[in-house]
Amino acid sequence: MRLRPRNVRSRLTLWYVLVLAGLLALYGGVASLFLFLSLREDFDQNLLEDLETVEGMLAKEPNGLVALHSSHPGAAEPRIGHFIEVWSPEGSLLYRSAALQDQTLGGRPGPDEGLHDPTPSTTRLPNGTRVRLASSVYHVEDQRVVLRVAYSEEGLWRELGEFGEVLLLGFPIAVLLAGVGGYALARKALAPIDSMATQAKKISAERLGDRLSIENPEDELGKLGTVFNGMLGRLQAAFDQLRRFTADASHELRTPLTAIRSVGEVALQDERSPAEYRDVIGSMLEEVDRLTRLAESLLALSRADTGHVQLQREDIPLLRLAKEASSVVEVLAEEKRQRIDIEGDADLLVSVDRLILRQAIVNLLDNAIKYSPPGSRILVRVQRGGDKQLFLDVIDHGTGIPSEHQPYVFDRFYRVDKARTRECGGAGLGLSITRWAVEAHGGDITLESEEGHGSTFRVSLPLAKYSSASQSKGGSQ
Ligand code: ADP
């Protein structure tokens with residue numbers, strides 16, 4: 001059998017009821033104890049007062065015994081329920097009240113009894129009645145007697161019992177009311193969770209735009225809902241990006257494939273000379289090249305996305321890396337009679353993955369070549385940017401990028417002028433790969449450009465740890 005309640009609401013109520021029951025029981029116990037102590041104090045007070053009253057009423061009888069006499073009949077009459085005994089110190093009984101019905105209040109007195117201030121104590125009569133007893137020594141005329149006065153404690157226990165009954169009767173009612181109230185409160189407090197769960201169940205990949213409705217964004221559940229909605233927002237953005245990426249990638253793949261097919265189909269329609277066939281094959285290979293580059297870029301980006309790229313860092317002068325990158329694109333620049341100038345401090349070291357960062361610079365140079373007029377000059381400059389940074393600027397004097405496009409050029413598949421850039425062979429992935437590579441090395445990339453006046457891409461990278469030492473050594477030479 002399952003004892004643990006399944007839902008939070010019942011568990012909260014159960015805990016609430018248990019704690020309340022415990023507190024009530026504790027409260028009942030403490031209250032009963034206080035009541036008992038205060039009742040008994042009153043009881044003892046009365047007992048001691050009555051002890052004095054009875055002392056004043058004792059009178060010696062001619063037969064040597066003792067009797068009780070009241071100066072005003074009925075005035076200080078000992079209360080009903082009083083038990084009185086008077087003993088001589090030698091142990092002979094001088095008086096016993098009728099209420100005792102021949103039972104003794106404790107037998108012959110001991111030698112010390114009643115000598116000190118009277119302190120009430122509890123004892124039992126032979127018939128089992130619990131009594132509160134006080135005794136004192138007194139002189140009746142010239143005879144020394146031990147006087148004992150006792151009350152039955154029954155009244156005290158009865159009052160206590162009645163109090164206990166009231167408590168016991170109220171206890172289940174209080175617990176029941178607390179349980180019902182607690183359950184209702186818990187239900188009301190947790191109701192937003194139910195509604196959130198129902199709404200969350202309906203959210204699927206197709207409905208990622210839905211959000212949980214939040215009644216009060218300030219309370220705990222409201223905050224939870226806000227966090228959940230935030231997470232949905234991020235998921236939606238990631239999903240949208242993925243969908244766009246897939247759609248763009250398929251589009252980019254389809255274009256060269258369509259070109260290959262139509263070139264092939266046209267070539268097959270008629271008999272052609274070997275030179276013409278060679279031309280057809282040449283243009284097919286061009287498209288295959290484009291496909292290969294695209295596939296490589298996609299692969300690089302998907303590796304970057306999954307975070308599977310392990311950077312093989314080495315300390316290397318940034319200027320040397322720029323020269324290596326420039327030699328990769330040298331042929332392209334020569335084709336357009338462009339000049340790539342590289343300047344800067346050869347001692348400035350970066351700790352980077354050589355191949356990945358070189359590709360990032362190649363992409364920048366490739367763009368600079370593509371989007372600059374023939375015969376123009378491209379400048380690569382390496383310099384320090386404060387104590388901890390290095391800047392690598394790639395500056396061209398080409399078409400520039402209109403300011404409305406600048407925020408998006410690092411996005412995947414983003415091209416400023418689709419028709420023109422496709423002719424140049426770009427798929428809009430180069431800058432996004434470059435940005436990933438730079439950021440993976442703890443740097444960032446910025447763009448400054450004016451339409452018609454060229455562009456400057458600035459890569460900032462952290463200086464390698466000990467390059468400042470090597471630089472000061474270099475500087476002193
Ligand atoms: P692509 O492979 O098409 O060049 P990139 O991601 O490298 O893709 O660049 C994105 C777009 O930014 C390009 O299509 C081009 O329009 C623009 N762009 C990039 N670099 C330059 C530049 N140096 N001068 C002018 N436009 C540029």
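Here the structure is a predicted model, which means the values were calculated and not measured. Order of listing sets the numbers, starting from 1, for every ligand and every atom in it.
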inquiry  = Going by ring-ring contact (aromatic ring centres under 6.0 Å, His included), Phe245 matches just one of Phe239, Phe413, Tyr414. Which one?
reply    =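 Result: among Phe239, Phe413, Tyr414, Phe413 is the only option passing the ring-ring contact (aromatic ring centres under 6.0 Å, His included) with Phe245.
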Could you tell me whether some N/O pair between [X] and ligand 1 is separated by less than 3.5 angstrom?
| X | answer |
| --- | --- |
| Tyr371 | yes |
| Leu431 | yes |
| Asp396 | yes |

Going by the order shown, which atoms of ligand 1 are within less than 4.0 Å of some heavy atom of [X]?
| X | answer |
| --- | --- |
| Ala427 | 2 (O), 3 (O) |
| Gly430 | 5 (P), 6 (O), 7 (O), 8 (O) |
| Arg415 | 3 (O), 14 (O) |
| Val416 | 14 (O), 16 (O), 17 (C) |
| Gly400 | 25 (C) |
| Leu429 | 6 (O), 8 (O) |
| Lys370 | 1 (P), 2 (O), 4 (O) |

request  = State if Gly398 counts as touching ligand 1 under the rule of any non-hydrogen atom under 4.0 Å.
outcome  =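 Flag not set, Gly398 not near ligand 1.
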Between [X] and ligand 1, which part of the residue brings a heavy atom under 4.0 Å of the ligand: side chain, backbone, both or neither?
| X | result |
| --- | --- |
| Thr399 | side chain |
| His405 | neither |
| Phe457 | side chain |

ask   = Who passes ring pair (Phe, Tyr, Trp, His ring centres under 6.0 Å) against Phe36, sequence neighbours left out?
value =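 Phe36 satisfies ring pair (Phe, Tyr, Trp, His ring centres under 6.0 Å) with Trp157 only.
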message = I want to confirm something. Looking only at heavy atoms, which of Ile401, Ile433, Leu365 is nearest to atom 18 (N) of ligand 1?
response =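 Selected option, by shortest heavy-atom distance: Ile401.
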Do [X] and [Y] have side-chain atoms, one donor and one acceptor, less than 3.5 Å apart?
| X | Y | value |
| --- | --- | --- |
| Thr122 | Arg132 | yes |
| Gln359 | Arg354 | no |
| Asp393 | Gln383 | yes |
| Asn229 | Thr226 | no |
| Glu314 | Ser351 | no |
| Glu451 | Thr399 | no |

Pi-cation contact, Tyr277 with Arg272 (under 6.0 Å, within 45°) = no
inquiry  = For Lys388, is the NZ atom crowded, meaning more than 12 foreign heavy atoms sit under 6.0 Å from it?
reply    = no
